[in-house]
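The next block holds one structure in the form of structure tokens; read it before the comments.
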Amino acid sequence: QVQLVESGGGLVQAGGSLRLSCIASGRTFSNNAMAWFRQAPGKEREFVATISGSGGTTFYTDSVKGRFTIARDNAKNTVYLQGISLKPEDTAVYYCAASWRAIVSSTRASAYDYWGQGTQVTVSS
């Protein structure tokens with residue numbers, strides 16, 4: 001199994017930037033596809049980005065494309081989400097997720113098997 005611990009959330013001004021980190025532990029990490037989701041109050045959990053186990057494939061939801069970057073450092077068992085030009089609508093609890101699979105093509109939360117505790121990101125206007 002995989003355990004995920006997130007950090008890096010906080011209060012950011014509109015137009016600012018942040019970097020979220022997710023440290024994974026368990027028997028494997030490099031074989032696991034990883035993703036970031038977010039959930040705003042009163043809304044369903046929303047896909048943000050995914051990265052394959054090797055790091056060779058990434059995919060982003062349209063609302064963050066060009067502003068967010070997902071990356072991983074398998075030597076450090078860590079996946080990152082870098083956001084720039086942040087907007088108030090980016091405000092949400094951000095969750096790190098891992099899959100048994102090396103690549104996940106679905107954007108559904110149910111496609112992932114392990115989840116972090118979530119970290120709050122608030123973008124002020």
Side-chain angles (χ1 to χ4, degrees):
Q1 64 180 39
V2 177
Q3 298 82 44
L4 307 173
V5 180
E6 300 153 322
S7 63
L11 178 63
V12 185
Q13 292 182 332
S17 64
L18 59 75
R19 187 178 74 164
L20 305 181
S21 299
C22 175
I23 300 175
S25 62
R27 193 170 66 87
T28 64
F29 176 70
S30 62
N31 288 337
N32 297 110
M34 303 290 292
W36 290 93
F37 287 74
R38 63 188 183 185
Q39 188 167 21
K43 299 179 67 177
E44 293 186 340
R45 193 164 298 187
E46 175 191 27
F47 170 81
V48 178
T50 188
I51 186 167
S52 61
S54 68
T57 301
T58 59
F59 182 76
Y60 302 87
T61 193
D62 286 344
S63 63
V64 307
K65 195 173 299 181
R67 299 189 299 114
F68 284 29
T69 301
I70 188 171
R72 67 192 299 157
D73 186 340
N74 287 344
K76 297 181 178 179
N77 295 333
T78 302
V79 64
Y80 306 95
L81 185 68
Q82 176 74 49
I84 63 171
S85 301
L86 295 175
K87 305 174 181 179
E89 52 262 45
D90 295 320
T91 295
V93 177
Y94 282 70
Y95 297 91
C96 178
S99 172
W100 295 324
R101 306 170 185 84
I103 298 175
V104 176
S105 58
S106 175
T107 60
R108 296 178 177 177
S110 60
Y112 292 85
D113 305 295
Y114 305 100
W115 293 85
Q117 79 286 352
T119 185
Q120 176 71 49
V121 172
T122 302
V123 183
S124 63
S125 60

Phe59 vs Thr107 side-chain heavy atoms within contact, under 4.5 Å |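 Side-chain contact under 4.5 Å: yes.
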Atom pair [atom1] ([X]) and [atom2] ([Y]), whose distance is rounded to the nearest 0.5 Å:
{"X": "Thr50", "Y": "Ile103", "atom1": "OG1", "atom2": "CD1", "answer": "9.0 Å"}
{"X": "Leu86", "Y": "Ser125", "atom1": "CG", "atom2": "OG", "answer": "13.0 Å"}
{"X": "Leu81", "Y": "Met34", "atom1": "CG", "atom2": "CE", "answer": "11.5 Å"}

Pairs satisfying salt bridge (Lys or Arg N to Asp or Glu O under 4.0 Å), at least one member in residues 100-123, at least two apart =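 Matches after skipping sequence neighbours: none remain.
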Looking at residues at least two apart in the chain, or sitting in another chain, which of them share a side-chain hydrogen bond (donor to acceptor under 3.5 Å, both in side chains) with Asn31?
->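 Counting only residues at least two positions away or on another chain, Asn31 forms no side-chain hydrogen bond (donor to acceptor under 3.5 Å, both in side chains).
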Can you name the residues that form a side-chain hydrogen bond (donor to acceptor under 3.5 Å, both in side chains) with Gln3, not counting sequence neighbours?
->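 Residues passing side-chain hydrogen bond (donor to acceptor under 3.5 Å, both in side chains) with Gln3: Ser25.
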So does [Y] get a backbone contact from the side chain of [X], meaning a donor-acceptor N/O pair under 3.5 Å?
{"X": "Asn32", "Y": "Gly53", "result": "no"}
{"X": "Gln120", "Y": "Gly9", "result": "no"}
{"X": "Arg67", "Y": "Ser85", "result": "yes"}
{"X": "Glu6", "Y": "Gln117", "result": "yes"}
{"X": "Thr58", "Y": "Ile51", "result": "no"}

By salt bridge (Lys or Arg N to Asp or Glu O under 4.0 Å), which residues pair with [X], not counting sequence neighbours?
{"X": "Lys65", "value": "Asp62"}
{"X": "Arg38", "value": "Glu46, Asp90"}
{"X": "Glu89", "value": "none"}

Starting from the C-alpha separation in whole Å, work towards a yes-or-no answer on side-chain contact (heavy atoms from CB on, under 4.5 Å) for Gln39 and Tyr95.
-> CA-CA 8 Å; Gln39 188 167 21; Tyr95 297 91; 4.1 Å; yes
Mind jotting down which residue pairs meet the disulfide (SG to SG under 2.5 Å) criterion with at least one end in residues 65-98? Sequence neighbours excluded, please.
->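 Qualifying pairs: Cys22-Cys96.
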Using distance only, find each side-chain donor-acceptor pair of residues 10-19 under 3.5 Å and give its atom names and separation, not counting sequence neighbours.
none

side-chain contact (heavy atoms from CB on, under 4.5 Å) between Ile70 and Phe68, worked out | CA-CA 7 Å; Ile70 188 171; Phe68 284 29; over 6 Å; no
Consider only side-chain heavy atoms of I, L, V, M, F, W and Y, link residues closer than 4.5 Å, and tell whether Trp36 and Val2 are in one cluster.
->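 Linked within one cluster.
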Any chain of hydrophobic side-chain contacts (each under 4.5 Å) joining Tyr60 to Val79?
->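 Yes: a chain of side-chain contacts under 4.5 Å links Tyr60 to Val79.
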For the student: nearest non-hydrogen atoms of [X] and [Y], plus distance:
{"X": "Leu4", "Y": "Ala98", "answer": "CD1-N, 3.8 Å"}
{"X": "Ala40", "Y": "Thr91", "answer": "CB-O, 3.8 Å"}
{"X": "Val104", "Y": "Ala111", "answer": "CG1-CB, 3.8 Å"}
{"X": "Thr78", "Y": "Lys76", "answer": "OG1-O, 2.8 Å"}

Holding to side chain to side chain contact (heavy atoms under 4.5 Å, CB included), I want the full list of residues that pass it with [X], two or more places apart in sequence or in another chain.
{"X": "Thr57", "result": "Ser52"}
{"X": "Glu44", "result": "none"}
{"X": "Ala71", "result": "none"}

Mind checking what makes ring-ring contact (aromatic ring centres under 6.0 Å, His included) contact with Phe37, not counting sequence neighbours?
->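 For Phe37 the ring-ring contact (aromatic ring centres under 6.0 Å, His included) partners, ignoring immediate neighbours, are Phe47, Tyr112, Trp115.
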Take the angle between the ring planes of Tyr114 and Trp100 and call it parallel below 30°, perpendicular above 60°, tilted in between.
->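 The rings of Tyr114 and Trp100 stand perpendicular, inter-plane angle above 60°.
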